[in-house]
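Because only heavy atoms are used, hydrogens play no part in the values below, and waters and symmetry mates are left out as well, while side chains stay in.
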Amino acid sequence: MKLDGWADGAVRRLSTETREHFALDPLASLREDLGLTVTEAPHLQSGRFDGGACDGVSYLDDGVVFYAPSQWSKRQNFTLAHELGHWLVERDDALMDWLGNQDRAEIVLESICDAIAQRLLLPPDLVNSVVGRPVRAQDILDLSEGSAASVPASAIAVTARLPHMGATIIIDTATREVTAATVHPDPDLRWPVVHPWRGDVVPAGHSLLNVRPGDTFTRKSFWRSQWGRREDFYIDAVATAGRVVALMSAVDIWGIDSLYTPDDRAWDRRPVAEIFCCGQLRTIRGFPCPTCGRQFCPVCGGCGCTGLPGTERECSQCHTLVGAHLLQNGLCEWCA
C-alpha cells in the first residue's frame, strides 16, 4: 500500500462525528472527543526555520500534546492535525509493522502524518460543499473562511478540482511576488513548460496587478517563465487587502472566449516516479537511468546503479576512478 492509502486508512479510524468536529475546531476536538491534554508551548516557536520546523511535540503514552500557538494565522491547526496523525499511527498495528520495514522510517512517518493532517483539515465533503463548478478563486477564500485551513492549504484543495491543466497563485501586491503556488498538471500527468511558481515576480503592467481589494477578475491573460517564454492562460482572480488569489486554467472553463481556442502549448513529457534517496522520499520528473531504469536523485545524482560493481568510470583527464554518474563529458568534478 502507498503512503496515501495508509493516510486514508488512519483517518477512517476516527468517527465521522469526530472528523467533522476536528475540521471545524481542532483544539476542542482533541480535548473533548479524544480526551487528550493539549497545552500551549510558545517556546516551540524558536524551532522554526524556513517555515518547515515542527511546531509541536506529543507524549502519546500520557495523552499529552504541546503546540506552538499562532495567534494571527491558522498554522497551529496544521500542527495539531499532524500530532493527531502520530496518535492515529500509534494505534494502527499494520501501519506500524509497515513502517518498521521502511528505510528511514522516521521520515516516512512524518510524511504520513502530514498527509493525515491535510485530510483532517479539509475533508472531501467540506471541499465539495464549498467549491463550485466551475471552480472560482473566491472558492479558495470561502474554503479557508469556513474551515480550519489556511488560504494556501485551501488553494491546494481547490486547484486539485480543475478539470484541465492549471495553477493557483497568491500574489503579494506590495512586492509583486508569488508567495504560494500550486500546479495541477494535465489529467495524463503532462506538466507545462511554462507555469507559475513560488518566488516568481509578476511582470510589470500585468493585469493581475490592477485588481483592487474587493474586486474580481476573469479574463484571458498570460504567464511568462523566468526564461522569458510566454503562454496564454484563462484567469479568475479575487483581491483582498495586500494580496491577489488567482486561479489559472489552460482551457476556458469560465466562458471568457466565445470561440474555442486550441491549446497548443509546450508540455513537459518526462516520466514521473517516486524514489527514496539521500534520506527523503521524492517525486522526480525526468528520464531514468537506461541501465537500471531508476530516476536520478536530484541531490547526489545517483540512480539504482550507484555503488554497485562496474559503475565506476575513469576520468579522461586525471584517470581517477569515480562513480559514472559523477562524470560530465568524461571529466570528474575536479577536472570539469
Side-chain angles (χ1 to χ4, degrees), residues 45 47-55 70 72-75 78 110-111 114 117-118 135 137 140-141 143-144 149-160 162 165-186 189-213 217 221-250 265-268 270 272 278-286 295-301:
Q45 293 174 334
R48 296 177 182 171
F49 59 94
D50 295 335
C54 181
D55 296 349
S70 54
W72 307 113
S73 74
K74 297 181 178 180
R75 181 186 176 98
F78 188 86
E110 293 305 310
S111 298
D114 280 349
Q118 183 177 9
V135 294
I140 296 171
L141 300 182
L143 187 58
S144 178
S150 64
V151 171
S154 299
I156 295 172
V158 172
T159 307
L162 284 168
M165 191 282 290
T168 296
I169 56 175
I170 300 175
I171 303 167
D172 183 329
T173 54
T175 64
R176 299 182 9 228
E177 181 179 354
V178 176
T179 59
T182 182
V183 176
H184 177 65
D186 197 65
L189 295 182
R190 294 185 302 169
W191 275 72
V193 173
V194 178
H195 62 80
W197 203 243
R198 182 178 180 181
D200 286 356
V201 175
V202 183
H206 195 288
S207 50
L208 278 174
L209 299 175
N210 298 324
V211 189
R212 298 290 177 253
F217 168 107
S221 190
F222 71 95
W223 195 258
R224 184 181 291 119
S225 72
Q226 57 181 312
W227 302 281
R229 185 162 184 168
R230 170 176 166 154
E231 291 280 13
D232 290 336
F233 283 93
Y234 296 92
I235 300 178
D236 183 75
V238 61
T240 62
R243 69 181 172 189
V244 173
V245 179
L247 263 174
M248 308 169 67
S249 174
R265 72 190 63 235
W267 297 96
D268 186 345
R270 294 175 298 169
V272 178
C278 295
Q280 187 173 343
L281 191 65
R282 307 171 190 274
T283 300
I284 305 298
R285 178 176 292 275
Q295 298 281 18
F296 294 96
C297 174
V299 176
C300 70

*For the atom pair CE (M248) and CG (D232), what is the distance rounded to the nearest 0.5 Å?*
10.0 Å
*Does the side chain to side chain contact (heavy atoms under 4.5 Å, CB included) test come out yes or no for L162 and L247, once each step is laid out?*
CA-CA 9 Å; L162 284 168; L247 263 174; 4.2 Å; yes
*Show your reasoning for whether side chain to side chain contact (heavy atoms under 4.5 Å, CB included) applies to V151 and R243.*
CA-CA 11 Å; V151 171; R243 69 181 172 189; 3.2 Å; yes
_Partner of T168 by side-chain hydrogen bond (donor to acceptor under 3.5 Å, both in side chains), out of T159, T182, D236_ = T159
*From D200 atom CG to W223 atom CH2, the distance as rounded to the nearest 0.5 Å*: 5.5 Å
*Any chance you could lay out the side chain to side chain contact (heavy atoms under 4.5 Å, CB included) test for T173 and L209, step after step, and finish with the verdict?*
CA-CA 7 Å; T173 54; L209 299 175; 5.8 Å; no
*Hey, is the main chain of F222 close enough, under 3.5 Å, to the side chain of H206 for a donor-acceptor pair?*
yes
*Which atoms form the tightest heavy-atom contact between A237 and A137, and what is the distance?*
CA-CB, 3.8 Å
_Minimal non-hydrogen separation, G199 against E177, with atom names_ = CA-OE2, 3.7 Å
*asked:* As an exercise, state the distance from NE2 of H195 to OG of S225, rounded to the nearest 0.5 Å.
replied: 9.0 Å
*asked:* To the nearest 0.5 Å, what is the distance between CD1 on I170 and CZ on R198?
replied: 10.0 Å
*Kindly compute the distance separating OG (S150) from CD1 (I140), expressed to the nearest 0.5 Å.*
11.0 Å
*Side chain of R176, backbone of V202: donor and acceptor closer than 3.5 Å?*
yes
*What are the two closest non-hydrogen atoms of P196 and A181, and how far apart are they?*
O-CB, 4.2 Å
*Would you give the length of the straight line joining atom CE of M165 to atom NE2 of H184, rounded to the nearest 0.5 angstrom?*
9.5 Å
*Apply the side chain to side chain contact (heavy atoms under 4.5 Å, CB included) test between F217 and each candidate in V244, V238, N210, L208; give the one that qualifies.*
L208
*Do side-chain atoms of S144 reach the backbone of A149 as a donor and acceptor pair under 3.5 angstrom?*
yes
